[in-house]
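Read through the structure below, which is laid out as structure tokens, and then see the notes.
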Amino acid sequence: MLNFDFDGVLINSLDEVVLTTYNAPTGSLLTSMAKVPNDLVKMFKKNRFHVQAIGDAIALMNWCLLNWQKDSQKILAQEEYQTVARDTDIALTDRTLLIYDTRKRFMAKDIERWFALHQTYQPLWDELVRRKNHPFVILTNKNHDATLRLCRHFGLNIDTRDIYSGDNGVTKIENMLRVQERFGREKFVFIDDSVKNLKELDHHFNRNKKVLVPALAAWGYIGAEDAGIAPESGYQAFQQTDVVRLLDGAI
């Protein structure tokens with residue numbers, strides 16, 4: 001059974017994440033990318049691949065706000081990013097709730113502008129839309145309401161129960177346990193654009209018996225080295241055409 005991450009795998013939401021993550025710590029409610037300094041946007045996007053828990057995107061944005069005028073081309077090393085993520089007085093749960101609340105206010109202010117900041121990844125998205133009865137679920141750190149609205153807006157008629165979200169601080173491990181309990185399958189394929197997420201799930205679920213097949217979405221928000229790191233860790237790096245072939249049962 002296929003399990004998909006959402007942002008960076010099914011939907012390109014990078015512009016929306018930039019705006020929401022900019023609005024959250026600054027107290028703004030901008031709805032246009034044109035109002036955020038271009039070099040700041042570039043700096044955040046270059047380093048977005050580091051972010052695992054979405055609340056940590058605020059820590060990254062705060063670092064970008066402090067440093068974008070000094071060296072907007074800088075890409076943090078993993079150790080540097082970990083220091084940035086730890087160097088905050090606000091708990092991760094509170095940062096995550098701030099992201100969700102800021103996004104909710106953005107959607108309430110101008111839902112059409114919010115939708116316009118997203119693009120579907122093709123051809124994968126349209127193939128999922130076309131295969132209306134193919135079983136799959138979405139496992140995401142995004143809040144449920146935003147995920148469902150984007151699915152509906154872009155024509156994916158997914159059952160609300162098939163979206164396992166990050167609301168209330170639920171982790172991907174906890175959600176995968178719920179998926180296992182619900183479906184009782186012997187093997188699950190999870191496609192994510194974060195090697196760190198894949199490693200966490202792999203270590204949790206495959207300690208005694210391989211029940212989870214982790215795969216990297218090589219088209220997502222990955223770092224320059226991730227496509228090489230994934231195979232070294234035993235994970236396949238998929239292109240969208242590979243996933244379409246999975247849907248067809250060819251691989």
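Remember, it's a predicted structure, so these values are computed and weren't measured experimentally. Computed over heavy atoms, backbone and side chain alike; hydrogens, waters and symmetry mates excluded.
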Take atom [atom1] in [X]; do more than 12 heavy atoms of anything else shown fall under 6.0 Å from it?
X: Glu225; atom1: CD; result: no
X: Lys196; atom1: NZ; result: yes
X: Asn168; atom1: CG; result: no

Donor on one side chain, acceptor on other, Ser13 and Tyr221, under 3.5 Å: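 Result is yes, a qualifying pair exists.
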
message: For the residue pair Asp56 / Gln52, report whether a side-chain donor-acceptor contact shorter than 3.5 Å exists.
response: no

Gap between atom [atom2] of [Y] and atom [atom1] of [X] - 0.5 Å precision:
X: Gln240; Y: Ile191; atom1: CD; atom2: CD1; answer: 10.5 Å
X: Phe6; Y: Leu139; atom1: CZ; atom2: CG; answer: 12.5 Å
X: Met176; Y: His204; atom1: CE; atom2: NE2; answer: 10.5 Å
X: Asn47; Y: Phe49; atom1: CG; atom2: CZ; answer: 6.0 Å
X: Asp193; Y: Phe238; atom1: CG; atom2: CZ; answer: 14.5 Å
X: Arg152; Y: Thr147; atom1: CZ; atom2: OG1; answer: 11.5 Å

Side-chain ion pair, Glu127 and Arg130, N-O less than 4.0 Å: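 Between Arg130 and Glu127 there is a salt bridge, with a charged N closer than 4.0 Å to a carboxylate O.
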
- request: Look at Asp242 together with Arg245 and state whether they make a salt bridge at an N to O cut-off of under 4.0 Å.
  value: yes

message: Run Tyr22 and Cys64 through side-chain contact (heavy atoms from CB on, under 4.5 Å) and show every step you take.
response: CA-CA 10 Å; Tyr22 179 86; Cys64 291; over 6 Å; no

Are [X] and [Y] grouped together when hydrophobic residues (ILVMFWY) are joined by side-chain heavy atoms under 4.5 angstrom apart?
X: Leu201; Y: Ile163; result: no
X: Leu212; Y: Ile173; result: yes
X: Trp125; Y: Leu2; result: yes
X: Ile111; Y: Phe154; result: yes
X: Leu60; Y: Ile75; result: no

Residue pair [X] / [Y]: nearest heavy atoms and the distance that separates them:
X: Leu40; Y: Met61; result: CD1-SD, 4.2 Å
X: Thr26; Y: Leu65; result: CG2-CD1, 4.0 Å
X: His144; Y: Ser165; result: CB-OG, 3.4 Å
X: Leu216; Y: Ala230; result: CD2-CB, 3.8 Å
X: Asp5; Y: Phe190; result: N-CE1, 3.7 Å
X: Lys210; Y: Pro214; result: NZ-CD, 4.0 Å

Can you find a pair of side-chain heavy atoms, one from [X] and one from [Y], that are under 4.5 Å apart?
X: Arg48; Y: Val51; value: yes
X: Leu10; Y: Thr120; value: no
X: Val9; Y: Tyr121; value: no
X: Arg95; Y: Leu98; value: no
X: Glu174; Y: Tyr164; value: no
X: Lys42; Y: Ser72; value: no
X: Phe183; Y: Val137; value: yes
X: Leu247; Y: Leu124; value: yes

Stepwise side-chain contact (heavy atoms from CB on, under 4.5 Å) test for Asp226 and Ile229: CA-CA 5 Å; Asp226 286 355; Ile229 292 173; 4.0 Å; yes

- prompt: Relative to each other, are the rings of Phe136 and Phe4 parallel, tilted or perpendicular (30° and 60° limits)?
  reply: perpendicular

query: Parallel, tilted or perpendicular for Phe115 and His153, by the 30°/60° rule?
result: parallel

Of Asn3, Asn197, Thr140, the residue whose pairing with Asp192 passes side chain to side chain donor-acceptor pair (under 3.5 Å): Asn197

query: Of Ile58, Ile99, Thr102, Ile90, which is the lone residue that meets side-chain contact (heavy atoms from CB on, under 4.5 Å) with Pro25?
result: Ile58

message: Evaluate Asn143 against Lys104 for side-chain contact (heavy atoms from CB on, under 4.5 Å), listing each step before the verdict.
response: CA-CA 10 Å; Asn143 50 311; Lys104 182 178 180 180; over 6 Å; no

Ignoring hydrogens and angles, tell me if any N or O in the side chain of [X] forms a donor-acceptor pair with the backbone of [Y] under 3.5 Å.
X: Asp202; Y: Leu198; result: no
X: Arg182; Y: Arg161; result: yes
X: Lys109; Y: Leu29; result: yes
X: Asn206; Y: Val211; result: yes

- request: Evaluate the side-chain contact (heavy atoms from CB on, under 4.5 Å) criterion for residues His50 and Val84: first the C-alpha distance (whole Å), next the side-chain angles of each, then the deciding distance (0.1 Å), finally the verdict.
  value: CA-CA 11 Å; His50 282 299; Val84 168; over 6 Å; no

